[in-house]
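Heads up, the thing below is written out as structure tokens.
Below, chain A is the first sequence line, B the second, and so on; all start at residue 1.
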Protein chains: 2
Amino acid sequence: MRSRDPVRRADGAGATLRPGAGSAADEPVPPAGPGDRRGLIRIGAVASLADVSERTLRYYEEVGLISPAAHQPGGGRLYTEQDVARVRRIRELQRLMGFNLEEIRAVTSALDEVEALRDRIRGTSDAAAQLDMVAEAAAALEDLRSRVATKAGQMQAFLAEVDAKIARCHVRLRSGHPGRGAGPAPPQAAAGSPRPPRQPR
Amino acid sequence: MRSRDPVRRADGAGATLRPGAGSAADEPVPPAGPGDRRGLIRIGAVASLADVSERTLRYYEEVGLISPAAHQPGGGRLYTEQDVARVRRIRELQRLMGFNLEEIRAVTSALDEVEALRDRIRGTSDAAAQLDMVAEAAAALEDLRSRVATKAGQMQAFLAEVDAKIARCHVRLRSGHPGRGAGPAPPQAAAGSPRPPRQPR
DNA sequence: GGGCTCTCTTACGTCAACGTGAGATTTGAG
DNA sequence: CTCAAATCTCACGTTGACGTAAGAGAGCCC
């Protein structure tokens, strides 16, 4: 159990930013000059917000999955809320897709490419090279989509299989002993389920 | 690489069966008396059929996930094709659902309960106890279904998110540089995909 | 009966993804 | 300034799910 709620802003001044963490100049907070750390979050807060341990965050940094937006003079890590979202996405890819961190690194780098595009295509420093990068990221995304769709299809098939077994199970329950209350109470309908197995009374 | 194809039947005679491996008396092969091993498969064949290693099969046995249908006098393991199917299901639960072997043991034991039901409900040794077991297995199945449905829903949501990103990516590709062949060839449509992202020409 | 293949047990190795201190240092509040 | 809380950097430990190697049987074929 944590002693107190560590989710609060890091106030004060003096922080070295990472390159490219300047926020695309469309945020409500007024830019109070470089070197401040308004809106930055410390590692404990990120950990509790993303529901991971601090060790996990440092480990993700070690393997190149995340990187603090800035550092305190003493070396403390400072993150943005996009970093929190990033960590959440990492966990989602782990849980949902069963990817390991190496795969996730590839996937998220493609996603980041698409995201960073928004800012970069305006600058248009080198149109041809930019387009190549975008095309590459698009290919990676298509690949990801293919894998996700495959897995989703397999899960739907498995779900149907389980439903069939449940149905047969209920048939047995009713035919085997008609004078019973049809077993224990059915659990709640699962979220996002397009076809709950109906249980005739 | 394996030296030769080990998928063939174990012929000969003399094998100690496991209890309950007598096959529900509705198979095409004539029962040639107990103690034979017709239709039984050795471990190497099971391994190649289920696409796992022999070590994995022994490990699954060690943790109580599978158990050979019979043994050769020298100690060799003999399996049925249902065992192969069982191993395949174990792998599916690992890959698809990300379950660990402990969870899989719980799930498959429930599935087995439902399956064994077919034979046992006929014998009707103790109707009340049987019904209780069925009800318990049904509850476990509902729980499994809930988890599968939840995950399937989350995957559909993630799929939609990826699709949105792909669409934006293609918009950029066309608006950013109209004189290009729209990037590399799109990958093949994924199997079981209900909504492939259309790529306007 | 020699050789080849398959399988057995035993036991140590591995790899990812963190967990868990230890001890030093920094930070923020009062 | 003071001090508790938060964070830092090593660095070793853990856990699940096997991989891998060694040496010994067991079965089959010519």
Side-chain angles (χ1 to χ4, degrees), chain A residues 1-16 37 40-66 68 70-79 87 90-91 93-95 97-105, chain B residues 1-16 37 40-66 68 70-79 87 90-91 93-95 97-105:
Chain A
M1 194 193 297
R2 287 174 209 280
S3 59
R4 226 159 335 150
D5 183 23
V7 180
R8 67 188 119 92
R9 298 313 176 140
D11 295 323
T16 65
R37 55 195 201 206
L40 293 181
I41 325 174
R42 299 216 301 176
I43 193 173
V46 173
S48 79
L49 283 175
D51 197 34
V52 299
S53 70
E54 304 177 5
R55 173 70 170 104
T56 296
L57 293 174
R58 296 195 195 100
Y59 180 66
Y60 286 176
E61 179 180 351
E62 194 180 327
V63 299
L65 272 174
I66 60 176
H71 282 98
Q72 286 175 324
R77 296 168 172 81
L78 294 174
Y79 301 90
V87 173
I90 291 172
R91 300 301 275 192
L93 286 170
Q94 272 188 303
R95 277 186 19 256
M97 292 298 297
F99 287 170
N100 60 32
L101 297 187
E102 183 60 28
E103 296 172 295
I104 293 178
R105 210 169 50 76
Chain B
M1 195 193 298
R2 288 175 208 281
S3 59
R4 219 137 8 129
D5 184 22
V7 180
R8 68 187 119 94
R9 297 315 175 138
D11 296 324
T16 67
R37 54 194 202 206
L40 293 181
I41 324 174
R42 300 214 294 173
I43 194 174
V46 174
S48 79
L49 284 175
D51 198 34
V52 298
S53 71
E54 304 176 4
R55 173 70 169 104
T56 296
L57 292 175
R58 297 195 194 100
Y59 181 66
Y60 286 175
E61 179 181 350
E62 194 180 326
V63 299
L65 272 174
I66 60 176
H71 282 96
Q72 286 174 328
R77 295 166 173 83
L78 295 174
Y79 301 91
V87 173
I90 292 172
R91 300 301 276 192
L93 286 170
Q94 271 188 303
R95 279 184 20 254
M97 292 298 297
F99 288 170
N100 60 31
L101 296 187
E102 183 61 28
E103 295 171 296
I104 292 178
R105 210 170 50 75

Checklist entry - Can you name the nearest heavy-atom pair linking A:Ser53 to A:Ala47, along with the distance? => result C-CB, 4.1 Å
Checklist entry - What is the distance, rounded to the nearest whole Å, between atom OH of B:Tyr60 and atom P of D:dG16? => result 15 Å
Checklist entry - Within the structure, does a side-chain N or O atom of B:Thr56 lie under 4.0 Å from either OP1 or OP2 of D:dA17? => result no
Next on the checklist: Heavy atoms from C-beta onward define the side chain here; which of C:dT27, D:dC8, C:dT7 lies closest to that of A:Ile43?
Outcome noted: D:dC8
Next on the checklist: Does A:Glu102 reach a base, just sugar-phosphate, or nothing at all? Heavy atoms under 4.0 Å.
Outcome noted: nothing
Item to check | A:Leu65 CG to C:dA16 P, straight-line distance once rounded to whole Å | outcome: 14 Å
Checklist outcome for this item: Minimal heavy-atom distance between A:Ile104 and A:Gln94, with the atoms involved, is CD1-CG, 3.5 Å
Checklist entry - Tell me: NE2 of A:His71 to P of C:dT25, nearest whole Å? => result 18 Å
Next on the checklist: If I take atom CG in residue A:Asn100 and atom P in nucleotide C:dT14, what distance separates them, rounded to the nearest angstrom?
Outcome noted: 20 Å
Next on the checklist: At less than 4.0 Å, is any side-chain N or O atom of B:Arg77 found next to OP1 or OP2 of C:dC8? Yes or no.
Outcome noted: yes
Item to check | Rounded interatomic separation in angstrom, taking CZ from A:Arg55 and P from D:dC12 | outcome: 13 Å
Item to check | Any A:Ile66 side-chain heavy atom under 4.5 Å of A:Arg77 side chain | outcome: no
Item to check | Note: B:Glu61-B:Arg58 ion pair, threshold 4.0 Å (strictly below) | outcome: no
Item to check | Per B:Arg58 side chain, nearest of listed nucleotides D:dC12, D:dC18, C:dC8 | outcome: C:dC8
Item to check | Side-chain N or O of B:Arg91 closer than 4.0 Å to phosphate OP1/OP2 of D:dC18 | outcome: yes
Checklist entry - Atom CD of B:Glu61 and atom P of D:dC18: how far apart are they, to the nearest Å? => result 15 Å
Item to check | Separation between CG of A:Leu93 and CD of A:Glu103, rounded to the nearest 0.5 Å | outcome: 9.5 Å
Next on the checklist: Between P on C:dG28 and CG on A:Leu40, what's the gap in Å once rounded to a whole number?
Outcome noted: 12 Å
Item to check | Options D:dG27, C:dA17, C:dC8, nucleotide nearest the side-chain atoms of A:Gln94 | outcome: C:dA17
Item to check | Nucleotide nearest B:Leu101 (side chain, heavy atoms from C-beta), chosen from D:dC18, C:dC8, C:dC18 | outcome: D:dC18
Next on the checklist: C:dG19, OP1 or OP2 - any side-chain N/O from A:Ser53 closer than 4.0 Å?
Outcome noted: yes
Item to check | Interatomic distance, A:Leu57 CG vs D:dA6 P [rounded to whole Å] | outcome: 16 Å
